[in-house]
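Before any comments, here is the structure.
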2 protein chains.
Amino acid sequence: MVSDLIRPDHLAAEADDCCETTVIHEEAVLAVREQMPAPEVTRAVADFFRVMSDPTRMRILCALGRAELCVCDLAALLGMSESAVSHQLRILRAARVVRNRREGRIVYYALDDQHVRTVYEMGEEHVLEVL
Amino acid sequence: MVSDLIRPDHLAAEADDCCETTVIHEEAVLAVREQMPAPEVTRAVADFFRVMSDPTRMRILCALGRAELCVCDLAALLGMSESAVSHQLRILRAARVVRNRREGRIVYYALDDQHVRTVYEMGEEHVLEVL
DNA sequence: TGATTATATGAGCAGATGTTCATATATTGT
DNA sequence: ACAATATATGAACATCTGCTCATATAATCA
C-alpha cells in the first residue's frame, strides 16, 4: 500500500506486534492495555464459561445442583441418550465443576463448584432484565 | 429389541415422553424435575454464557469494562482486524451487554451490564481455584 | 461533488462442537 | 465362567463458529 510510505515512522512503534492498525485514542489504549488481565487468564475464564454455554450441560448442572444423580437418571430427566449425557459429563469433569463417585456399577455425579450456582443466578438475572 | 417385550408395561409410564430409558432413582428424578427451571430459561442462560465463552469477546468485555473505546482502538489493543472486532461487537450488542454511541464517524462502545463484571470475577476465582 | 475515514456486513472457509451409533470397560449376579 | 447392566469412549457426521476478504454504509473534509 502507498499510504504506508506516507505515514510517519514514529507512529509505527505504537502497536506492539502490528503496524497496520489505526489508533485514535492512544492514551486510552495504553492505559487499558496496562490494566488488562493476561490473555491466558481471559482465555481460561472464557473456557470456564464455554462449559456453561451449552443448554444440555446447563441443564445437567442445574439438576446436579439439586441432587446427586447417576448417568441414566440424568438421561431420563433430560430425555436424552445416556451416551450423550456421558459425553457431556466428561466435559464437566474435565472442567472440575462436577465430582463423581462409584457405587458398584452406578456412578453418581454431583455439583462440585460453589461458583457455578452463583454464576447461574447472575446469568438468570441478566436474562430476566434483558427480556 | 426382544427385551422390550419382557419389560412390564407399568414401567413405561414413568418417563413422560420417552420409554426406552432406565431410571434407577425414580423419586429423585421426579423431585429434581419439579425444581428444574424451564428449558427455555436454561437455554437463555446458556446463550448468555456463550457470549462470554470466546477469548476475543472476553477480552473486548474486559477492555470495555475499563474504558469507553472505539472499534479501531479495540482492534489495535487486541491486535486484531477491525472487521473481526466489529463482528464480535455485533454479537455483544445483540446480547445487550455493550452499548454504543456514535460521534461523527467514530462509534464508541462501553460495557452495559452490571452482571458481566461480577460473573467475570467468579469465573476468574474458579480458574484460580482449579489450577 | 469526490476522496477519505470509521464502521458494518455478507460470503466463504477451516476448525470446533454435540449428537448418534458401535464398541469397550467395569461391576454384579447366576 | 457367562450374561446382564451401567458407564465410557472412539468414529463419523451435520451443524455452528470465528476469522478473512471484499464490499457497503455513513460521516467528514477538500
Side-chain angles (χ1 to χ4, degrees), chain A residues 1-4 6-7 11 18 20-25 29 43 46-47 49-60 68-95 98-109, chain B residues 1-4 6-7 11 18 20-25 29 43 46-47 49-60 68-95 98-109:
Chain A
M1 290 179 200
V2 187
S3 61
D4 282 13
I6 295 165
R7 194 172 54 138
L11 286 176
C18 174
E20 296 279 3
T21 333
T22 318
V23 181
I24 295 183
H25 308 86
V29 170
R43 167 171 294 273
D47 285 345
F49 290 130
R50 172 146 302 203
V51 167
M52 298 191 289
S53 72
D54 177 72
T56 299
R57 285 194 294 271
M58 197 74 257
R59 291 172 73 207
I60 291 177
E68 190 185 49
L69 293 168
C70 67
V71 179
C72 65
D73 285 344
L74 278 168
L77 176 63
L78 305 182
M80 300 187 61
S81 77
E82 293 164 20
S83 176
V85 170
S86 188
H87 274 293
Q88 299 298 357
L89 284 170
R90 181 183 166 80
I91 294 172
L92 296 173
R93 249 186 293 132
V98 301
R99 89 182 98 86
N100 59 344
R101 83 186 157 82
R102 175 151 228 146
E103 200 168 291
R105 280 180 287 217
I106 304 173
V107 177
Y108 292 95
Y109 282 86
Chain B
M1 293 178 198
V2 189
S3 61
D4 282 12
I6 294 166
R7 194 173 55 138
L11 287 178
C18 172
E20 298 278 2
T21 335
T22 318
V23 181
I24 295 184
H25 308 87
V29 171
R43 167 172 292 276
D47 284 344
F49 290 128
R50 173 145 304 209
V51 167
M52 297 190 291
S53 73
D54 177 73
T56 299
R57 286 193 295 270
M58 196 74 256
R59 291 174 73 209
I60 291 177
E68 190 185 49
L69 293 168
C70 68
V71 179
C72 63
D73 285 344
L74 279 168
L77 176 64
L78 305 182
M80 299 187 60
S81 76
E82 294 165 19
S83 175
V85 170
S86 189
H87 274 293
Q88 298 300 356
L89 284 170
R90 182 183 164 82
I91 294 173
L92 295 173
R93 249 186 292 132
V98 301
R99 90 182 98 85
N100 59 344
R101 86 190 154 79
R102 176 151 226 146
E103 200 168 293
R105 281 181 286 219
I106 304 173
V107 178
Y108 292 95
Y109 282 84

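Since this is a predicted model, take the numbers as computed values, not measurements. Chain letters run A, B, ... following the sequence lines, proteins first, then strands; residues in each count from 1. Values below: all heavy atoms of this structure, side chains included; hydrogens, waters and symmetry mates excluded.
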| Is there side-chain contact between A:Met58 and B:Phe49, with heavy atoms separated by less than 4.5 Å? | yes
| query | Would you call A:Leu89 and A:Leu74 a side-chain contact if the rule is heavy atoms closer than 4.5 Å? | reply | yes
Protein-nucleotide distance ([X], atom [atom1]; [N], atom [atom2]), rounded to Å:
{"X": "A:Arg57", "N": "C:dT19", "atom1": "CZ", "atom2": "C1'", "answer": "12 Å"}
{"X": "A:Ile91", "N": "C:dT19", "atom1": "CD1", "atom2": "C1'", "answer": "11 Å"}
{"X": "B:Asp54", "N": "C:dG15", "atom1": "CG", "atom2": "P", "answer": "17 Å"}
{"X": "A:Leu92", "N": "D:dT7", "atom1": "CG", "atom2": "P", "answer": "15 Å"}
{"X": "A:Leu69", "N": "D:dT7", "atom1": "CG", "atom2": "P", "answer": "11 Å"}
{"X": "B:Arg43", "N": "D:dC16", "atom1": "CZ", "atom2": "C1'", "answer": "13 Å"}

| Any B:Gln88 side-chain N or O less than 4.0 Å from OP1/OP2 of D:dT17 | no
| query | Has A:Arg50 got a side-chain N or O lying under 4.0 Å from the OP1 or OP2 atom of C:dT17? | reply | yes
| Can a donor-acceptor pair be found between the side chains of A:Tyr109 and A:Arg101 at a distance below 3.5 Å? | no
| query | Does a donor on one side chain sit under 3.5 Å from an acceptor on the other, for B:Tyr108 and B:Arg102? | reply | no
| Got more than 12 heavy atoms from elsewhere within 6.0 Å of CZ, B:Arg43? | no
| Within the distance-only criterion (no hydrogens, no angle test), does the side chain of B:Ser86 pair as donor or acceptor with the backbone N or O of B:Ser83 below 3.5 angstrom? | no
| Footprint string (nucleotides 5-11 of chain C, 5' to 3'): B base within contact, S backbone only, - free, heavy atoms under 4.0 Å | BSBBBB-
